[in-house]
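Atoms within each ligand, like the ligands themselves, are counted from 1 in listed order. What's counted below: heavy atoms across the whole structure, side chains too, no hydrogens, waters or symmetry copies.
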Amino acid sequence: MPRTASGAIVATSLVTARGSAPWRGAELGAPMVIEDAGIAWSDGVITFVGPAEELRGTDPEVFRGCTIAPGFVDCHTHLPFVGWRADEFELRLAGRSYRDLHGEGGIYRSARLFAEATDDEVMAFCRPLVAEMADHGTTAMELKTGYGLSVEGELRQARLARRLADEAPQATTVTLLACHAVPEAMEREDWVRTACAELIPAAAAEGLADAVDLYVEDIAFTLDDLRAVAEAAAAAGLPVRCHADQLGPSGAAEEAVKLGARSADHLNNVSNEGVRALGEGGTVGVLLPASTAFMRAVPPPVRTLVETGAAIALATDFNPGTSPVLSMPEAVATGCSLYGLTPLEAVTASTLNPAWVLGMAERAGTLEVGKRADLLVLEGEAFRQVPYRPGHNPVLHAYAGGTRVGGR
Ligand code: NIG
Ligand code: FE
């Protein structure tokens, strides 16, 4: 296939949500499906979506038995990081807990590995992972800090994230996970004060962050810390996001909604009040089924969330501790089998809704004239083939901005 920012293809079907606001409730599972469909783009921008017959005369490439879908938007990853932690996985299988390993292992270990590596080593570790994500259909994604654990360390990680973003073919945003773990030899309150007074303003001034995140957990940060970080983020003109109710309940989901957070992520132990708040509020519930499966954690009440009207998104949570999974097809497959999402709900939750979380829904997340030509040619006559074959890469071709960037 030629590498060009213009093209036209037809396939057995095309599926896409529409617009630039998150879809929720019954709408979530009702993206538009066109049988015998075509799409065309010019200079990286979509110029046509509709019946294949209307593309006759333009000599489109034909993919029989295939589905055209928007590129996956992975709105929760922990790249850039360096080094794996497979031994911790094995220890957990033998009975140790994530909380128990927090220190010798966990976030602190990844922070030590990051501090010991040179910038070039970090980049060399991450580059092939970003390419593997493109091969699995991720055409837009989030990068996050959180392994820096000092003002200088976090800024260094954010700069590396921007460097990775500059090289990556995907549209990419950077989230400053300012409060991920309390730096060793520091009191929690002192770190939160430093993050709010120094780190967040410095990252914003240097243009290093598109959002700010915080990990609310008994081993990490509190609701008061979330309020303080949200205030500092707002003062810096950045949206706030939050790791909420992952290992245990904390009330973080409802607090995130109250604070107008862009997203509340994980939600394994979300309270009924949190579900109600997400159902009524504008905060997207980001579900991370690969990390739930990998951690053998209790699944969030996903059907109740959808029925209550919450807007949900699916992402990988790609990180070396709780989710060494970078494949969005795998996240979709796990989201369907473990959380009971329908394949069409998974389409919206892995494209439009996460694009909104990343603040890029005006230009990505759906296949519509005027949006960036971020699209996939998937194996199978309908999107249902994607969750049906976990572990298999269904992405034949992935285009970002109209250029082929990955696939099989
Ligand atoms: O999203 N829970 C906090 N942060 C990550 C895990 C980070 C790690 O273990 O390195 C998560 O699961
Ligand atoms: Fe995470």
Hey, are S250 and D245 close enough side-chain-wise for a donor-acceptor pair under 3.5 Å?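 The criterion, which ignores hydrogens and geometry beyond distance, is satisfied for S250 and D245.
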What is the nearest protein non-hydrogen atom to [atom], stated with its residue, atom name and distance?
atom	answer
atom 2 (N) of ligand 1	Q246 OE1, 2.6 Å
atom 12 (O) of ligand 1	T322 OG1, 2.6 Å
atom 8 (C) of ligand 1	Y98 OH, 3.3 Å

Hey, which atoms in ligand 1 end up nearer than 4.0 Å to a heavy atom of [X]?
X	answer
R85	8 (C), 9 (O), 10 (O)
I107	7 (C), 8 (C), 10 (O)
G321	9 (O)

R109 to ligand 1, any heavy atom closer than 4.0 Å: no
So for H180, does at least one of its heavy atoms come nearer than 4.0 angstrom to any atom of ligand 1?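 It does, in that a heavy atom of H180 comes within the 4.0 Å cut-off of ligand 1.
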Kindly say whether the aromatic ring centers of [X] and [Y] come within a distance under 6.0 Å.
X	Y	value
W41	Y399	yes
F63	H397	yes
F318	H78	no

Minimum heavy-atom distance A21-L352, with the two atoms named: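 Result for this residue pair: O-CD2, 3.3 Å.
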So that I can tick it off, tell me whether R127 and E132 are bridged by a salt bridge, with the cut-off set at under 4.0 angstrom between side-chain N and carboxylate O.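 Looking at R127 together with E132, the answer is no, because their closest N to O distance does not fall below 4.0 Å.
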Judging by distance only, is a nitrogen or oxygen of S110 under 3.5 angstrom from one on ligand 1? no
With carbon and hydrogen excluded and only N/O/S kept, which atom of [X] is nearest the Fe ion (ligand 2)?
X	answer
H243	NE2
H76	NE2
D317	OD1

For ligand 1, the portion of Y147 having any non-hydrogen atom under 4.0 Å away: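 Contact part for Y147 vs ligand 1: side chain (C-beta onward).
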Walk me through it: do R109 and E88 pass the test salt bridge (charged side-chain N to carboxylate O under 4.0 Å, His left out)? CA-CA 10 Å; R109 180 158 169 224; E88 289 176 35; 2.7 Å; yes
Does L143 reach the side chain of L160, with side-chain heavy atoms less than 4.5 Å apart? no
